[in-house]
Novice: 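Got a structure here, written out as structure tokens. Questions coming.
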Amino acid sequence: KAIQNIFVSAQGTTATHRKLCVSLRATQEKCAQEGMRAEKAFCVEFTRCLNRALVVKKGEAVGDRILKFCDLFIRHIYEKEAKDRKAAKTSDGDVDMGGEEEQEEEEEMPNSCTTRFTRYLLQHLSKGLLAANKIVRFRVCQFFALTLSSIPALEENTFANLKKGLVRRMYDRESNIRVQASLALMRLGFGVADEEEESDFDDEDDDEGLVQNTVVGRLVDRLSGDNSADVRRAILLNLNHTPLTLPHLLERSRDLDAITRRLVYSRTLPSLGDFRLLTISMREKILRWGLQDRDPAVRKAAERAFVDNWVSNADGDILEVLERLDVVNSKVAEMAMEAYWQHGNSIDKPFGTEYWEDLTPESVFLARTFHDYCRDPETQNDHHIDEKMPEVTHLAFIIQKNANLLMDSPPGVPVNPGKNGKNGNVNPPKDAAEVEFIVEQLLLIAMKSDYGDEIGRRKMFSLLRELLAIVDLPEATVSRIIEVMRKVSGGEREFCSVTLEIIAEVHDTIAPEEDEPAVDGDDADSFHSAQSEPEGRPKPKAKAKPKPKPKKAKRVVDSDDEMMDVDEDDEDDEDGEEDPEENRAIKEMVTNLRCLFIAQCMLENVEGDLNSNAHLTTMLNGLIIPAVRSQEAPIRERGLRCLGLCCLLDKPLAEENMALFAHCFNKGHEELQIEAAHIISDILVVHGASLFESEKCQIEQKTVFKMFGKAIKLDDSPEAQAVSAEVLCKLFLAKVIDDDDLLKATVIAYFDAATNDNLTLRQTLSYFLPVYCHSRDDNQIRMQRITVSTLHTLISIFANLDEGEEMVTPSNIASQLADWTDPRKVFRLDASDQSKVNWDVHIDLAADLAAKIASGSTKEEKKILCQMLGKLVISASCTPEKLQELSEQTTELIESKAVTDAVSRNALIKFQASLEKVLAQQAEGPGRERS
Amino acid sequence: AREAAVRPRKEKTPFTIDFVTPDENLDDTDKIFATSNASVSLPKTQIRNKTRNLLPDDKHFNSRQLLRLFLKPKAMLRSKKMIKG
């Protein structure tokens with residue numbers, strides 16, 4: 001018959017489909033004219049042919065072509081019918097009929113051979129949705145996914161029927177069927193708008209709220225719930241954006257599947273139209289996840305989305321985009337800007353004087369990131385950055401201006417609330433956090449500026465020096481200032497001496513107490529004078545004075561005591577009389593903390609030997625040691641950090657204090673423990689384990705290491721646990737630790753169910769372990785040595801898991817261990833040269849395994865060990881004697897009946913066979929190096 | 001004849017659908033669409049993924065973290081000798 005022939009042709013190529021459609025329609029119309037019986041026969045024959053395509057398995061092009069042909073045919077007949085009707089109308093003389101009316105008429109769906117045909121077809125196919133044959137179910141769903149959007153309107157019954165059937169198939173066993181069913185539902189119009197639907201599916205146990213019971217709700221649920229990435233992707237790409245679905249679509253930016261994540265950036269985001277439709281926190285998250293993704297392709301797509309889409313959404317105005325991000329509080333904008341500059345964007349005109357007049361967080365951030373990008377030694381093109389940025393002298397002026405603004409900004413200033421009234425509140429246009437951010441950005445510019453100009457350098461230096469003496473400045477700003485100061489100072493010595501002067505000045509703003517000896521030796525006088533003050537009340541001092549000696553002379557009335565636009569002490573005027581002692585104690589504490597903080601920042605920027613720098617010794621003895629002994633915990637802890645930093649500069653000092661830090665680790669609260677762990681780690685990395693050999697060191701290496709080994713087992717303190725793991729990793733990599741038991745403890749901590757929730761620990765170790773094993777042969781050998789006993793421990797942990805606890809299976813652990821000990825994976829300078837590979841590692845491991853199997857263990861363990869043998873690399877390039885021995889060992893094992901179950905025995909026999917093959921290789925060509 | 005001309009040019013798979021020959025199994029709709037007692041749906045346990053198929057929170061641990069000092073994050077370990085003097 002004609003229909004058959006048309007189908008036969010249609011399966012070969014899509015090229016002739018259009019022609020075939022026309023002739024098939026002609027056949028159909030002819031049948032329709034002949035009467036209902038013939039029309040019905042047409043439908044029957046059509047479906048008969050279609051059925052033959054339904055059993056064609058997925059992937060066969062002929063099947064796909066037939067379905068495509070059907071889709072085209074359906075579209076064709078609807079178009080044809082509409083055209084015919086229009087033609088008929090025109091010939092009737094209704095020339096003036098408007099298009100609108102026509103469309104309305106179309107929607108009425110006249111009963112015609114076309115609609116009768118589709119109804120028949122859909123009814124027929126919907127029966128196939130429950131077919132036992134999965135190929136049929138797949139093809140039926142595929143048919144619906146293809147054609148449902150081609151059918152202009154459906155009868156209510158058919159529609160409901162289809163909906164129900166397709167929703168069921170969203171939960172099909174086969175993921176490809178789920179994909180097609182989801183697509184079909186979206187073609188059916190679901191997911192287009194968040195229309196109200198009745199919840200008419202009570203047959204499944206959905207007690208997760210109403211949303212679940214609508215088709216859109218189900219699609220959204222499958223978007224995150226389906227285990228097949230294909231299904232999630234299909235929904236991601238086809239579900240329309242509505243306020244309801246959007247958060248769920250964007251959430252896929254953290255999908256387990258990298259391609260799905262990439263699609264969020266390459267498809268979903270651009271199709272959104274305008275990024276400003278997202279809330280600010282959505283923007284932040286989506287950018288952060290994308291720009292930091294582990295998959296480079298995802299990062300690339302995220303960069304493109306930002307640089308191309310977002311920026312063009314804002315008509316290319318990058319400042320506008322930045323204003324839509326939270327530049328002050330998040331790191332996202334920084335990453336985004338790096339991408340922005342790297343993608344070839346630039347600033348053509350210099351940032352003029354007016355640009356710097358009234359800075360906003362965004363404008364200064366723009367200039368700063370551009371400056372950073374241009375000053376980056378890896379960037380070839382410097383974009384004439386020198387001409388675009390202000391000269392250093394000018395920059396210093398800008399910093400000063402903004403720092404003054406910062407001092408006048410109320411909320412961010414902790415110590416100085418009394419000032420506002422007096423100053424008349426000099427119009428703080430930005431909040432303190434913003435001004436602080438602006439100052440920080442300016443300092444970052446200063447950090448990378450060119451100080452070839454000596455006058456500019458001096459100007460900057462003296463400005464920074466002035467700023468540092470201001471006690472009210474936020475700590476983050478202080479830290480930046482000191483960093484820049486180190487850069488613009490003449491050398492480490494000058495840097496230290498100036499910083500010490502500042503500390504003395506700051507310190508001198510309070511009267512020192514008995515247990516707080518001043519930094520400067522000359523301070524004894526002022527110390528005395530302070531005590532003899534009748535009210536016992538500290539008086540403000542001018543901080544610009546370099547020496548503390550003329551203190552008494554400075555004790556003038558408070559209000560006159562302003563040299564700069566800065567002051568710090570007026571609180572005393574108000575509260576001083578109420579409780580002068582307490583007030584004074586607080587002030588003293590704040591000031592001391594500030595001194596220590598400056599010291600800490602300074603030490604972070606110093607690298608020279610402690611003893612060769614008299615300033616540092618003075619500070620150690622005058623400020624830091626007393627602080628460590630202080631009664632006040634905050635002071636003591638900050639002192640400890642400074643002492644730690646000093647220890648990095650001086651080995652004997654480190655030797656003396658190791659026991660102290662260990663004590664803090666053992667006895668301190670969690671934060672102090674972490675601090676101590678950091679200090680100990682740094683000291684050992686810098687000075688090496690040899691410091692334990694000194695007599696001054698009152699604690700043994702063993703004790704310190706054991707302490708960390710114990711700490712990684714303590715899961716009631718996850719942060720300290722994670723830090724201890726990180727410390728061990730560092731010490732292992734620095735070759736300070738080479739202890740088998742500690743490595744074992746580390747591996748166990750990595751797999752143990754108890755650390756499931758400690759993501760930091762897990763991620764640190766998942767980075768460390770392969771790096772450690774694959775970086776050096778001796779590291780890998782250490783891992784091989786502990787493999788069997790570690791696995792043993794882990795197997796017993798696994799066997800004793802409580803209900804609800806989850807852990808990687810021992811067999812997966814075994815694979816992981818086999819991978820870490822794979823000798824081919826050890827880093828070689830020349831990767832192609834296999835002659836240096838230590839092939840014996842896996843041979844030795846196999847011998848360990850065999851010995852363990854023989855010496856007895858549980859049946860389950862034996863099975864795992866036997867199967868692990870199959871995961872090892874046995875090469876003909878290994879030591880022949882070892883291989884021979886291993887082979888004998890294995891043979892013995894097979895004969896000994898130590899292993900009884902079939903799986904293990906087969907694994908052993910297979911392993912023995914592979915050994916024999918390699919032995920034969922060795923025998924025939926002893927000179928052969930390659931396996 | 002028409003088929004013969006098309007077929008060899010397209011993919012090497014010689015598979016084509018026979019629309020012409022009557023076939024008892026294929027022509028009976030009920031047979032093709034036959035259902036069985038075995039469930040064609042996902043077992044309940046596999047329907048929902050506990051983690052919503054999301055990556056765990058990335059702590060972005062990297063080599064730089066392993067190579068730097070805790071107290072002086074700007075100084076890398078290779079400056080060891082410098083510190084030692």
Side-chain angles (χ1 to χ4, degrees), chain A residues 4 7-9 11-13 47-49 51-56 60-62 66 124 127-128 130-134 136-137 168 171-173 224-225 227 232 251 254-256 292 294 604 607-609 641 644-645 648-649 678-679 681-682 685-686 729-730 733-734 759-760 763-764 767-768 771, chain B residues 2-3 5-7 9-11 13 15-20 23 25-30 32-44 46-49 51-63 65-75 77 79-80 82-85:
Chain A
Q4 282 174 11
F7 270 86
V8 168
S9 314
Q11 70 175 318
T13 165
T47 47
R48 197 190 66 84
C49 289
N51 282 352
R52 304 230 161 167
L54 295 181
V55 291
V56 175
E60 287 288 359
V62 284
I66 290 298
H124 166 72
K127 280 181 260 166
L130 286 167
N133 183 344
K134 64 181 180 187
V136 173
R137 293 203 309 282
R168 287 232 169 88
Y171 303 89
D172 199 282
R173 268 181 188 280
S224 64
N227 283 320
R232 302 199 299 274
E251 187 188 51
R254 281 176 57 231
D255 196 281
L256 282 176
Q292 294 193 318
R294 301 215 167 186
E604 281 167 6
E607 291 189 327
D609 198 12
R641 160 73 75 98
L645 282 161
L648 298 185
L649 305 175
H678 286 167
I679 294 171
S681 168
D682 282 0
V685 164
V686 169
C729 294
K730 280 189 177 172
L733 285 179
L759 285 181
T760 313
Q763 289 180 17
T764 304
Y767 185 90
F768 160 75
V771 166
Chain B
R2 210 171 6 174
E3 310 162 51
V6 176
R7 228 184 301 154
R9 255 192 290 136
K10 68 180 199 51
E11 300 146 1
T13 44
F15 184 84
T16 47
I17 308 171
D18 178 5
F19 289 103
V20 184
D23 182 321
N25 286 324
L26 293 177
D27 290 341
D28 185 349
T29 302
D30 291 342
I32 292 183
F33 291 169
T35 55
S36 75
N37 288 331
S39 169
V40 293
S41 295
L42 272 180
K44 286 221 166 86
Q46 283 178 33
I47 287 185
R48 207 151 280 120
N49 177 295
T51 61
R52 303 173 63 77
N53 290 299
L54 293 178
L55 290 169
D57 205 8
D58 194 342
K59 302 288 179 192
H60 297 289
F61 195 83
N62 56 37
S63 55
Q65 244 157 309
L66 277 183
L67 289 175
R68 75 185 185 197
L69 293 175
F70 289 110
L71 305 188
K72 291 163 125 179
K74 277 163 279 165
L77 285 198
S79 63
K80 192 169 163 179
M82 269 155 59
I83 292 170
K84 269 182 166 172

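As the structure is a computational prediction, the values presented were derived from the model and not from experiment. Because only heavy atoms are used, hydrogens play no part in the values below, and waters and symmetry mates are left out as well, while side chains stay in. All chains are named by letter (A, B, ...) in the order of the sequence lines, taking the proteins before the strands, and each is independently numbered beginning at 1.
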Novice: What part of A/F7 gets closer than 4.5 Å to chain B, counting heavy atoms only: side chain, backbone, both or neither?
Specialist: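 A/F7 touches chain B through backbone and side-chain heavy atoms alike.
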
Novice: Is the closest side-chain heavy-atom distance between B/F70 and A/K730 below 4.5 Å?
Specialist: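 Sidechains of A/K730 and B/F70: in contact.
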
Novice: Work out which heavy atom in A/A131 is nearest to a heavy atom in A/R137; give both atom names and the distance.
Specialist: O-NH1, 2.9 Å

Novice: Looking only at heavy atoms and a cut-off of under 4.5 Å, which of B/A38, B/S36, B/A34 has the most pairs with chain A?
Specialist: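 Answer, by heavy-atom pair count under 4.5 Å with chain A: B/A34.
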
Novice: Please state whether the rings of B/F33 and A/H124 are parallel, tilted or perpendicular, taking 30° and 60° as the class boundaries.
Specialist: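 Rings of B/F33 and A/H124: tilted, as their planes differ by 30° to 60°.
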
Novice: Relative to chain B, which of A/K127, A/R48, A/K134 shows the most heavy atom pairs under 4.5 Å?
Specialist: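 The candidate making the most pairs under 4.5 Å is A/R48.
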
Novice: Would you mind reporting whether A/T764 and A/C729 have side-chain heavy atoms less than 4.5 Å apart?
Specialist: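 SC-SC contact between A/C729 and A/T764 confirmed.
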
Novice: Do A/E604 and A/R641 meet the salt-bridge criterion of a basic N to acidic O distance under 4.0 Å?
Specialist: yes

Novice: For chain A, find which of B/L54, B/V20, B/N53, B/N62 contributes the most heavy-atom pairs closer than 4.5 angstrom.
Specialist: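 Maximum pair count with chain A is reached by B/N53.
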
Novice: Counting only heavy atoms closer than 4.5 Å, note whether A/I66 contacts chain B via side chain, backbone, both or neither.
Specialist: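 Just the side chain, heavy atoms under 4.5 Å.
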
Novice: Side chain from CB out, backbone as N, CA, C, O: work out which of these in A/L130 comes under 4.5 Å of a heavy atom of chain B, or both, or neither.
Specialist: both

